[in-house]
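Please read the structure below before turning to the comments.
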Amino acid sequence: RFHRDGPHPRSPRRVVGGAQQATLWNKNAEGKRVPQAGFAGTKHTPGESESKAAPKPAGPAAGTTVGATTKAYGNDPNQSYTMRHELVDMDSIQASNTASGGINPKYDATLQPRDRSRIASEDQVNRIAGKLEPAFLGESPKASEGAPIVGPDGVVESGNARTLALARVYGDPEKYGRQADAYRAWVADNAERLGLDPAVVAGVARPVLIRLRTSAVADRVAFAQDTCY
C-alpha cells in the first residue's frame, strides 16, 4: 500500500549510492518475505547482452608451421631435451632408410644404432604402417615415442622406424590410404593446440609432425643412442 506522498511509512528503505530507495516485498514458499526483483536488496544477474565474454586466446598466425616448445626425456630420467613442434613435408627430412627399405646415402649412419635394412626392422616398419595410430606419432614425454625427433639439419635422430612407416603409408595410397587420411586429419585437428595453423596441413603434400631438437648436444651420436632405446 502506498501513500500519496510516497511508499508506505512501514516499507523499509535501503541507502543506495547515497539516496534512499524503497524495497517492495513478496513472500516465498516458506512464507518469508523476500525483496521483489528489481528493488534494493536483490542480486542483479546481468543478461547475456550485459555479460562480457572472456577474451579468447589468440590462435597461431595464418601459415604458421613452427609451433610450441616441448620437452622429452631419453633413457636418463634426469636428462630432458628441449624441442619444438613443427610441420614439415616428408621430403624435407632425412631418415636412415628409404621408404622401400634401402639405405639412404644422405643419412649419417653413425646416428642409427639399428640396421633398418634387416628383416626384423622391415617387419617393424610394416606393422607400424599397417596399424598406424596417429596419436602415437604426436606428443610424448619420451623421446623414443611420439613425433620423430629431427636435428637442425633435417636428419632424423630418433624415430626412424616411425618416419619410415609414415613414408611407406604416403608412398602406397592404394594400400595405406585410410591410414594416411587418418594421420592428416589428426594433425589438422591438433595443430592449433601445438601452435600450428591447421589450414596449412591441407597444403602440404606429405605432412609430418616432427619435434625439432633445439637443445644443444655435445655428442650427437650419444644423443641418438640415448633416445632410441
Side-chain angles (χ1 to χ4, degrees), residues 57 60 64-88 90 92-97 103-104 106-169 179 182-183 185-196 198 201 207-229:
T64 301
T65 57
V66 176
T69 298
T70 185
K71 285 188 176 181
Y73 296 81
N75 193 34
D76 181 358
N78 297 311
Q79 175 66 59
S80 66
Y81 303 98
T82 304
M83 305 172 192
R84 187 174 64 227
H85 290 293
E86 289 197 10
L87 180 69
V88 300
M90 179 66 74
S92 68
I93 58 178
Q94 297 296 328
S96 60
N97 297 67
I103 300 297
N104 181 3
K106 298 179 180 179
Y107 188 85
D108 182 356
T110 62
L111 300 178
Q112 176 52 273
R114 299 186 180 95
D115 182 0
R116 291 293 175 195
S117 61
R118 295 177 58 189
I119 295 176
S121 287
E122 271 289 290
D123 289 343
Q124 180 191 19
V125 171
N126 286 330
R127 284 197 304 272
I128 296 174
K131 299 181 179 180
L132 189 74
E133 176 52 60
F136 290 169
L137 278 72
E139 294 177 281
S140 176
K142 293 183 177 182
S144 60
E145 300 176 359
I149 297 173
V150 178
D153 57 356
V155 171
V156 177
E157 298 174 335
S158 180
N160 272 287
R162 285 161 272 162
T163 305
L164 294 173
L166 190 55
R168 192 157 297 181
V169 164
Q179 290 90 331
Y183 179 77
W186 186 90
V187 173
D189 290 343
N190 291 271
E192 186 170 355
R193 181 171 56 82
L194 300 175
L196 309 167
V201 180
V208 183
L209 176 67
I210 67 166
R211 288 176 289 180
L212 181 73
R213 175 178 56 79
T214 55
S215 283
V217 292
D219 188 336
R220 194 178 187 186
V221 174
F223 169 78
Q225 293 173 343
D226 182 47
T227 56
C228 288
Y229 66 94

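For the pair N160 and Y107, the minimum side-chain heavy-atom distance is below 4.5 Å. At a threshold of 4.5 Å between non-hydrogen side-chain atoms, the residues L111 and Q94 do not count as touching.
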For Y183 and L209, what are the C-alpha separation, side-chain angles and deciding distance, and is it a side-chain contact (heavy atoms from CB on, under 4.5 Å)? CA-CA 10 Å; Y183 179 77; L209 176 67; 3.7 Å; yes

Using side-chain contact (heavy atoms from CB on, under 4.5 Å), reason through R211 and H85 one step at a time and then give a plain yes or no. CA-CA 5 Å; R211 288 176 289 180; H85 290 293; 4.0 Å; yes

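Atom CD1 of residue I128 and atom CD of residue E133 lie 12.5 Å apart, to the nearest 0.5 angstrom. Note that CG of L194 and CZ of R84 are 13.5 Å apart. Values are rounded to the nearest 0.5 Å. Note that NZ of K106 and CD1 of I93 are 13.0 Å apart. Values are rounded to the nearest 0.5 Å. Taken from OH in Y73 to CD in Q79, the straight-line distance is 9.5 Å, to the nearest 0.5 Å. Taking CZ of R168 as the start and CG of N97 as the end, the distance is 9.0 Å to the nearest 0.5 Å. Remark: R127 CZ to L132 CG distance equals 14.0 Å, nearest 0.5 Å.
Using modelled atom types, no side-chain atom of E192 and backbone atom of P198 make a donor-acceptor pair closer than 3.5 Å. Side chain of S158 to main chain of A143: a donor-acceptor pair is present (N/O by atom type, distance under 3.5 Å, no hydrogens or angles). Panel note: side chain N104, backbone S96; no donor-acceptor pair is recorded below 3.5 Å. In this structure, the side chain of R162 engages the main chain of G146 through a donor-acceptor pair within 3.5 Å. For D226 (side chain) and A222 (main-chain N/O), no donor-acceptor pair under 3.5 Å exists by modelled atom type. Between the side chain of T82 and the main chain of T214, no donor-acceptor pair closer than 3.5 Å is present.
For F223, the ring pair (Phe, Tyr, Trp, His ring centres under 6.0 Å) criterion is met by Y81, not counting sequence neighbours. In terms of the salt bridge (charged side-chain N to carboxylate O under 4.0 Å, His left out) criterion, residue partners of R193 (sequence neighbours excluded) are, by chain and number, E139.
Between A72 and M83, the shortest heavy-atom distance links the atoms CB-CE, 3.7 Å. Minimum heavy-atom separation, A95 to T163: CB-CG2, 4.0 Å. Of all the heavy atoms in L212 and E86, the pair that sits closest is CD2-OE2, 3.3 Å. Scanning both residues, E157 and T227, for their nearest heavy atoms gives O-OG1, 4.3 Å. Heavy atoms only, all atoms of each residue included: P60 and G195 are closest at CB-O, 3.5 Å. Taking each heavy atom of V66 and T64 in turn, the nearest pair found is O-CG2, 3.1 Å.
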